[in-house]
Amino acid sequence: MAIAGSGSRPLIRLWLLLAVALGPAASSATGLGFEFHHRFSDRVRQWAEARAIPGVWWPEKGAAEYYAALAHHDRALHGRSLADAGGSELTFVDGNATVRLSSLGFLHYAIVALGTPNVTFLAALDTGSDLFWVPCDCLQCAPTEYGNLMFDIYSPSRSSTSQSILCSNSLCDLQNSCPGATSSCPYIVQYLSENTSSSGVLVEDILYLTTEDTTARVVEAPIVFGCGMVQTGSFLRSAAPNGLFGLGMENISVPSILSSKGLTSNSFSMCFGRDGFGRITFGHKGSSDQQETALIIDSRHASYKININGIIVGNSSIDMLFSAIVDSGTSFTYLADPAYTNLAESFDERVQEKRYKADANAGFPFDYCYELSPTQTTISGPTINLKTDGGSGLPVNDPIIVIEIQKMQSIYCLAVLKSTGLNIIGQNFLTGLRVVFDRERLILGWKNFDCYSLENSSNLSVHNSSTTHAAAPAPSTYTQEATKGLLTG
Ligand SMILES: *[C@@H]1O[C@H](CO)[C@@H](O)[C@H](O)[C@H]1NC(C)=O
Ligand SMILES: *[C@@H]1O[C@H](CO)[C@@H](O)[C@H](O)[C@H]1NC(C)=O
Ligand SMILES: *[C@@H]1O[C@H](CO)[C@@H](O)[C@H](O)[C@H]1NC(C)=O
Ligand SMILES: *[C@@H]1O[C@H](CO)[C@@H](O)[C@H](O)[C@H]1NC(C)=O
Ligand SMILES: *[C@@H]1O[C@H](CO)[C@@H](O)[C@H](O)[C@H]1NC(C)=O
Ligand SMILES: *[C@@H]1O[C@H](CO)[C@@H](O)[C@H](O)[C@H]1NC(C)=O
Ligand SMILES: *[C@@H]1O[C@H](CO)[C@@H](O)[C@H](O)[C@H]1NC(C)=O
Ligand SMILES: CC(=O)N[C@H]1CO[C@H](CO)[C@@H](O)[C@@H]1O
């Protein structure tokens, strides 16, 4: 269950590991403002500027063709939604855009508006957990000021539409520890990252959404979420300082609530753009040209788990059977042996560059790293595809991370970590894909997708996966991002 009563939930949160392994810099707040070196939607820009010193860290507008593509995309979306007879597709009222922030754990964030008057949060989008919580009536929360950026805090007493969730509510998981049926329902969620948790009380309030069609009608959805009074562990340092948006399968998650109220179909999609920008759409059921595999439902705790039958590295196919959780809330992919070693060694055999061995004491998280020459502009590595149950291949568009270890010296690493237990397909393995979490048909769907281009022209704008590396940005492009998030903060 989302709300961990007795047993703790099987979730590994990799951002913690990175923050610890790479030292205080990784959790330093100072880099945050510099994250937005990409283009972003105007609405998000306004939101950020309202909370920051305008112009200090916000970039100039992106290239003209980028906005042209955006406009195309939105016209296509509008056309499609109007034509569709099915339930509405909804997104956050502040926009469908998501952004991956490297200084906040390499997770995708979205702007979420709650309450009356509304307050907005920069929440991490997490398919690996269920409860949505925000910092609220804080006893112990992350700092609200990061450089120039200010975060909001929710308070039930300041929202006229806030209602308490009582212990008698079916969504109250900790009924046993309730003083009485008429008390507010407490919650505690423990994440497997060491000492990382959120606790408080459940509340109900309005989540502002909008229809993804030309009418852009505001939808006020009453949802249940956690008033997070006490956060611990990495929530205080590097990840989700302003709330975690659980997108899991349990009844308490927002997609479950939206569908149970008949506001959307029981499905949603997330697109993970190569440039760190993405989209989220509730009610989206995917398209007929997507690849699919069945979700494996564990009755103890339903999650987005799929079966993998093998991994194809370059032209060699390695058969192996394991299941993995698709978790946008874990930064990097985590594999247990033998999958980890099979993948890593097969990757290693196909790499041209010299292996880089980190100082064993440095606590560096990646084992398979390679030196880049200062003048190198492309990285040639083998392609990686996961073979899913049913035969569909899941292309890994961005399996590496480039890290500047010192000035003018960069390395790149296979961005996969060795797990002792669970296998987790993390955020990095979803890059370049639109992923559909279809909870009604119990399938995971995906296709290579440029989140910002016209749906029907995706065959033009998405790189052919076998040429990914040749087409990958020059190492310097990666370096900026990796450096800011991981090493220099
Ligand atoms: C949120 O509040 C602002 C004023 O603070 C208001 O202009 C805006 O319309 C509100 N948004 C929604 C969706 O109600
Ligand atoms: C977790 O808490 C325990 C006990 O308080 C402490 O010994 C340990 O160092 C903590 N771990 C981390 C990563 O903070
Ligand atoms: C979840 O919701 C469904 C439908 O609303 C209900 O049948 C089911 O019992 C709920 N599950 C739990 C664990 O409450
Ligand atoms: C795999 O690819 C390499 C070059 O990338 C080639 O030399 C080798 O013959 C190929 N092996 C097979 C079995 O196709
Ligand atoms: C996009 O493709 C679908 C079918 O794949 C078609 O029905 C639709 O008309 C196309 N839209 C445009 C704008 O070409
Ligand atoms: C995408 O590919 C299809 C068939 O491969 C083609 O008919 C279509 O024109 C392509 N889309 C665009 C926008 O060119
Ligand atoms: C990708 O490109 C290669 C050659 O560059 C081609 O053989 C292959 O068919 C292409 N795959 C797709 C899915 O277009
Ligand atoms: C419904 C909605 O918010 N659509 C938006 C999706 O994102 C683009 C780009 O930011 C906006 O132009 C759309 O209005």
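Just so we're clear, the structure is a prediction, and the values are computed from it rather than from any experiment. Indexing begins at 1, ligand by ligand and atom by atom, following the structure's order.
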Engineer: Less than 2.5 Å separating the SG atoms of Cys271 and Cys451?
Structural biologist: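 Taking the criterion (SG atoms under 2.5 Å apart), Cys451 and Cys271 satisfy it, so yes.
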Engineer: Taking NZ in Lys285 as the centre, count heavy atoms belonging to other residues, nucleotides or ligands within less than 6.0 Å. Is the count above 12?
Structural biologist: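 Check fails, neighbour count at 12 or below.
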Engineer: For ligand 3 and Ser170, I'd like to know whether there is a polar contact (N/O to N/O, distance under 3.5 Å).
Structural biologist: no
Engineer: Between Lys418 and Asp337, is there a salt bridge with N-O shorter than 4.0 Å?
Structural biologist: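 Looking at Lys418 together with Asp337, the answer is yes, because their closest N to O distance falls below 4.0 Å.
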Engineer: Heavy atoms under 4.0 Å from ligand 1: which residues qualify?
Structural biologist: Asn118, Tyr208
Engineer: Do the cysteine sulfurs of Cys172 and Cys185 sit under 2.5 angstrom from one another?
Structural biologist: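 Looking at Cys185 and Cys172, their sulfur gamma atoms lie closer than 2.5 Å, so the answer is yes.
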Engineer: With a 6.0 Å cut-off on the ring centroids, do Phe92 and Phe282 count as close?
Structural biologist: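 Yes, close enough.
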Engineer: Under 4.0 Å between a side-chain nitrogen and a carboxylate oxygen: does that hold for Lys447 and Asp289?
Structural biologist: yes
